[in-house]
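Written out below as structure tokens is the structure these notes cover.
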Amino acid sequence: MMFAARHPGRVRRLILFAPANPFCDLGKQLIHFYQTRFGVWFARRIPFLPRMLKATALSRMYGDPSRVSSDALDGYTQGLHIPGTVDHVLHFEGDRNSSLRMVRGIKNRFGGADAFFCNSGAEAIEAALKWARKATGHTEFVALEGSFHGRTLGALSVTGQPAKRTAFEPLLPGAVFATPETLAEHVGPETAAILLEPVQGEGGVHPLSAETLAEARALADRHGAVLVFDEVQTGVGRCGSFFAWERLGVKPDALTLAKGLANGLPIGALLVGHDAPTAFEPGDHASTFGGNPVTCAAACAVVDTIDEDLLAHVRALSDRFAAALPNTRGLGLLLAVEVDGPVAPIVDAALARGLVIGTAGPTTLRLTPPLTLSTGEADQAISLLTEVLA
Ligand SMILES: Cc1ncc(COP(=O)(O)O)c(C=O)c1O
């Protein structure tokens with residue numbers, strides 16, 4: 001490997017016989033990427049990597065592949081570490097590993113937090129459930145009817161959609177479901193966590209009111225429970241602030257992120273605010289690939305990219321869509337348009353005109369464009385949508 005670093009011209013042949021494991025340096029695992037004829041492998045210099053990253057999903061959420069790719073490249077070439085053990089993966093110390101830049105970035109955004117990195121939103125929810133039980137000593141979870149928190153057994157257990165749950169029951173005991181109006185009836189001394197999406201995404205794009213969130217905060221405090229926001233869909237700028245809670249005025253004890261955090265590469269995160277109990281100790285939780293340098297480098301770039309200008313742009317586009325289209329609801333660029341009949345023909349008609357739109361229920365169109373959509377593109381989309389809705 002060292003020879004390959006000094007003689008990049010010969011890497012291609014040499015690397016075919018090199019071990020697949022990253023080598024260790026001072027007891028830490030370092031990754032250096034090299035190219036082989038089978039693709040990108042561990043090496044110190046990787047001039048071809050941006051092309052590879054562009055070919056993956058990096059432009060999906062924000063449409064800025066060059067920026068993300070080159071930042072990711074910086075990350076690789078600085079020799080980041082693979083977190084292979086539990087205390088590395090947990091990142092609760094933060095200062096010892098490859099995710100440092102991103103951890104710092106996210107911690108700062110949250111206002112002081114510890115972070116655990118995994119590979120998906122559902123895994124982040126699993127981590128949150130375990131953390132909540134250990135942090136409180138309580139066993140129950142209160143979630144909302146219509147909520148969606150993922151498809152692993154734990155995450156499914158707190159998902160308030162019978163159609164997604166029934167075939168897999170019995171699920172985790174201790175999950176109860178409330179409506180925003182009946183929260184107080186369901187939270188009690190056994191509640192470990194109140195788990196809320198600030199805007200219910202899969203459930204139909206239903207924003208929770210600031211009053212509901214404030215009530216949840218008060219109930220959690222009164223009963224010694226923790227308040228966890230699932231920001232897998234609402235976070236990372238989607239709602240016009242880095243975290244949706246910032247626009248809603250209620251800060252959770254912990255929150256989960258995923259989806260756009262690494263711009264299409266697999267990542268999930270649990271952030272636990274510094275005012276909340278840490279609870280996790282080495283050995284409690286881990287993920288082999290959680291916090292790996294590739295996704296963390298991409299996430300660093302994303303966190304750096306989402307500045308106040310971009311967030312203001314998201315809010316402005318949101319207002320533009322809401323002003324031009326009938327029956328809209330949502331927050332930022334997580335928007336729904338409620339239509340009179342079934343959505344399928346509208347989706348098909350839009351697609352025939354080159355516009356891709358999602359759905360969130362039989363009569364609900366879901367609009368989640370890239371955060372970097374230009375004003376001109378938004379106007380184009382609006383006029384196409386107006387046409388197909390007429
Ligand atoms: C609010 C919310 N939580 C959790 C998840 C699960 O995320 P993943 O699909 O990455 O496991 C989703 C996925 O859509 C989601 O919208």
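No experiment lies behind these values; they were computed from the predicted model shown. Computed from heavy atoms alone, side chains included, the values below leave out hydrogens, waters and symmetry copies. Counting starts at 1 for both ligands and their atoms, in listed order.
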**OP:** Could you check which of Q200, H149, E126 puts a non-hydrogen atom nearest to atom 4 (C) of ligand 1?
**Re:**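 It is H149 whose heavy atom sits nearest to atom 4 (C) of ligand 1.
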Subject >> T159, L334, D230: member with heavy atom nearest to atom 1 (C) of ligand 1 >> reply: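 Of the listed residues, D230 has the closest heavy atom.
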**OP:** Examine distances only and state if a side-chain atom of D379 and a backbone atom of G376 form a donor-acceptor pair shorter than 3.5 Å.
**Re:**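 Side chain of D379 to backbone of G376: no pair is present.
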Subject >> Heavy atom of protein inside 4.0 Å of atom 9 (O) of ligand 1, strictly below >> reply: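 No; the ligand atom in question lacks any protein heavy-atom contact below 4.0 Å.
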**OP:** Return yes or no for this condition: an N or O of E197 is under 3.5 Å from an N or O of ligand 1.
**Re:**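 There is no such contact.
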Original post:
Based purely on interatomic distance, does A122 place a nitrogen or oxygen under 3.5 Å from a nitrogen or oxygen of ligand 1?
Top reply: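 Yes; at least one N/O pair falls below 3.5 Å.
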**OP:** With heavy atoms under 4.0 Å as the rule, classify the contact between E202 and ligand 1 as side chain, backbone, both or neither.
**Re:**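 The part of E202 near ligand 1 is the side chain, not the backbone.
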**OP:** Would you mind telling me if ligand 1 is within reach of the side chain of K259, the backbone, both or neither, using heavy atoms under 4.0 Å?
**Re:**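 The part of K259 near ligand 1 is the side chain, not the backbone.
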So, [X] and [Y], do they make that salt bridge, N to O below 4.0 Å?
X: E246; Y: R109; answer: no
X: K130; Y: D284; answer: no
X: D253; Y: R217; answer: yes

**OP:** Tell me, yes or no, whether the heavy-atom count around D340 atom CG, taken from other residues, nucleotides or ligands under 6.0 Å, exceeds 12.
**Re:**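 Result for CG/D340: open.
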Among protein heavy atoms, which lies nearest [atom], and at what distance?
atom: atom 5 (C) of ligand 1; value: V232 CG1, 3.7 Å
atom: atom 7 (O) of ligand 1; value: G121 CA, 3.4 Å
atom: atom 16 (O) of ligand 1; value: Q233 NE2, 2.7 Å

**OP:** State the atoms of ligand 1, each with its element, that fall below the 4.0 Å cut-off from a heavy-atom position in S120.
**Re:**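 Close to S120: 10 (O), 11 (O).
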Subject >> E202 side chain reached by Q233 side chain, heavy atoms, under 4.5 Å >> reply: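 Answer yes - side chains close enough.
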Original post:
Looking only at heavy atoms, what is the nearest atom pair of V158 and R165, with distance?
Top reply: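 Between these two residues, the closest heavy atoms are N-NH1, 4.3 Å.
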**OP:** Quick one: sort the H285 and F280 rings into parallel, tilted or perpendicular, breaks at 30° and 60°.
**Re:**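 Parallel, since the angle between the ring planes stays under 30°.
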